[in-house]
Amino acid sequence: MPEIKDLEKICSQIRRDIVRMVHAVNSGHPGGSLGCTEYFVALYFKILKHTPKPFSMDGRGEDLFFLSNGHISPVFYSTLAHSGYFDVKELATFRKLNTRLQGHPTTHEGLPGIRVASGSLGQGMSVAIGAALAKKLNGDDRIVYSLHGDGELQEGQIWEAAMYAAAKKVDNIISTIDLNGQQIDGSTEHVLSLGNLRAKWEAFGWDVMEMDGAVLSDVIKTLEQAKTHTGKGKPVMILMKTVMGQGVDFMMGSHKWHGTAPNDEQLAKALAQLPETSGDY
């Protein structure tokens, strides 16, 4: 298994990919992608039991991951490529005509690693719960993971799904909320305050944990601990504190980088802060 220093190098390369991908087409969502990089690297390179090749849509005998906030597709695509699902060079086709790397992940292009179309916020948890129930019915003891944005919690379907998972004891799911406090129109506190999320999720019957999404070792440790909480009658929720634009100083903490691509000068500044560790595509 890779060491922390090796995983940190992967994080740096993935962040380079993110800013280069959105810059190349002047379109995409760099802020949330940069903020969730440690989570994706920890998940795909340390935590998940998964088989990149040959990719099985069914995923029987594998851990499954569902990205609900599909707009952060750049970090998802880069992670999948670097973990062996498809050639890293294909990242150069991001958001272009006839690409498999659509702005929001879709399934009809047949991109390995993508099991559900996402981006219509609020739906990913329902999908993940369905997959978790299917694993129970199939006698498959692997775990289902899902990731959600904090602004996404303003969608009612999330709370319907949360209530269902607890009531039906769906205890083979580990969901994570990206708490960067920002959404497209401003801060979550300003747009629609989320209140005490730990208290809310506990009231809905979930086993709640917290972690610092910018500290790779903490992400790995918490995800490992979360696995030990499964199978005990409760779904597991991790509240992950992150910073939008993490790793690029002028992007950090601002909702303005939710869906804005860097220009040429900004790209150069960003890349100067992100060492190239395994070669740019």
Side-chain angles (χ1 to χ4, degrees), residues 28-29 31-33 35-37 39-40 42-44 47-48 50 57-59 62-77 79-80 85 101-109 111-136 142-168 170-180 182-184 188 192 194 197 200-201 204-209 213 223 226 230 235-240 242 244 258-259:
H29 296 77
S33 294
C36 287
T37 299
Y39 172 83
F40 275 90
L43 195 67
Y44 273 84
I47 301 297
L48 284 185
H50 62 121
M57 194 69 167
D58 182 67
E62 297 182 61
D63 292 331
L64 303 182
F65 170 73
F66 295 97
L67 175 65
S68 189
N69 48 330
H71 55 275
I72 66 168
S73 60
V75 66
F76 193 16
Y77 294 149
T79 301
L80 289 174
Y85 282 85
L101 278 63
Q102 294 290 320
H104 293 71
T106 59
T107 54
H108 62 275
E109 288 89 356
L111 185 67
I114 305 299
R115 291 189 169 90
V116 64
S118 62
S120 294
L121 296 178
Q123 298 179 4
M125 184 168 289
S126 298
V127 173
I129 290 168
L133 288 171
K135 284 196 174 292
K136 283 180 173 286
R142 303 314 305 173
I143 298 170
V144 176
Y145 295 80
S146 65
L147 178 65
H148 312 264
D150 48 4
E152 184 179 4
L153 301 186
Q154 296 158 359
E155 297 279 359
Q157 186 172 339
I158 287 283
W159 300 102
E160 295 177 56
M163 182 167 55
Y164 180 91
K168 301 302 180 181
V170 185
D171 57 3
N172 57 335
I173 185 171
I174 299 174
S175 294
T176 298
I177 304 296
D178 171 20
L179 293 177
N180 61 28
Q182 307 293 329
Q183 58 191 100
I184 191 168
T188 53
L192 184 62
L194 301 172
L197 284 179
K200 279 185 169 71
W201 285 99
F204 270 75
W206 287 57
D207 185 351
V208 182
M209 306 175 69
L223 286 171
T230 59
V236 179
M237 171 57 69
I238 301 174
L239 302 177
M240 179 175 68
T242 67
M244 179 167 283
H258 170 87

Check: [Y] main-chain N/O paired with [X] side-chain donor or acceptor under 3.5 Å:
| X | Y | result |
| --- | --- | --- |
| K200 | L194 | yes |
| W159 | L153 | yes |
| S146 | F66 | no |

Testing the basics here: between [X] and [Y], what is the closest heavy-atom pair and its distance to 0.1 Å?
| X | Y | result |
| --- | --- | --- |
| Y164 | I129 | CD2-CG2, 4.0 Å |
| H50 | E62 | CA-OE1, 3.4 Å |
| W206 | A165 | CZ2-CB, 3.7 Å |
| Q154 | T188 | NE2-O, 4.2 Å |
| Q183 | G151 | OE1-CA, 4.0 Å |
| V170 | A132 | CG1-CB, 3.7 Å |

Contact between [X] and [Y] at the side-chain level, heavy atoms closer than 4.5 Å - yes or no?
| X | Y | result |
| --- | --- | --- |
| F76 | C36 | no |
| L111 | Y85 | no |
| S175 | H148 | yes |
| Q182 | H258 | no |
| L239 | W201 | yes |

Separation of [Y] [atom2] from [X] [atom1] (nearest 0.5 Å):
| X | Y | atom1 | atom2 | result |
| --- | --- | --- | --- | --- |
| L179 | I238 | CG | CD1 | 11.5 Å |
| Y145 | L43 | OH | CG | 6.5 Å |
| M209 | T176 | CE | OG1 | 9.5 Å |
| S68 | D178 | OG | CG | 11.5 Å |
| M240 | L147 | CE | CG | 5.5 Å |

Test side chain to side chain contact (heavy atoms under 4.5 Å, CB included) on I72 and F40; report intermediate values, then the result. CA-CA 11 Å; I72 66 168; F40 275 90; 4.0 Å; yes
Given Y39 and T242, is the side chain to side chain contact (heavy atoms under 4.5 Å, CB included) satisfied, shown in steps? CA-CA 10 Å; Y39 172 83; T242 67; over 6 Å; no
Step through the shown structure and confirm whether more than 12 heavy atoms of other residues, nucleotides or ligands are within 6.0 Å of NZ on K168.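 No, the 6.0 Å shell around NZ holds no more than 12 heavy atoms from other groups.
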Charged N-O contact under 4.0 Å between K135 and D63: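 Salt bridge between K135 and D63, a charged N being under 4.0 Å from a carboxylate O: no.
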Quickly, which of D207, I174, I173, T230 forms a side chain to side chain contact (heavy atoms under 4.5 Å, CB included) with P235? Name it, please.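 Exactly one pass, corresponding to I173.
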Can you list, pair by pair, the side-chain donor-acceptor contacts under 3.5 Å of residues 114-125, counting residues two or more places apart and other chains?
residue, atom, partner, partner atom, Å
R115, NE, S56, O, 3.4
R115, NE, M57, O, 3.1
R115, NH2, S56, O, 2.8
S118, OG, L67, O, 2.8

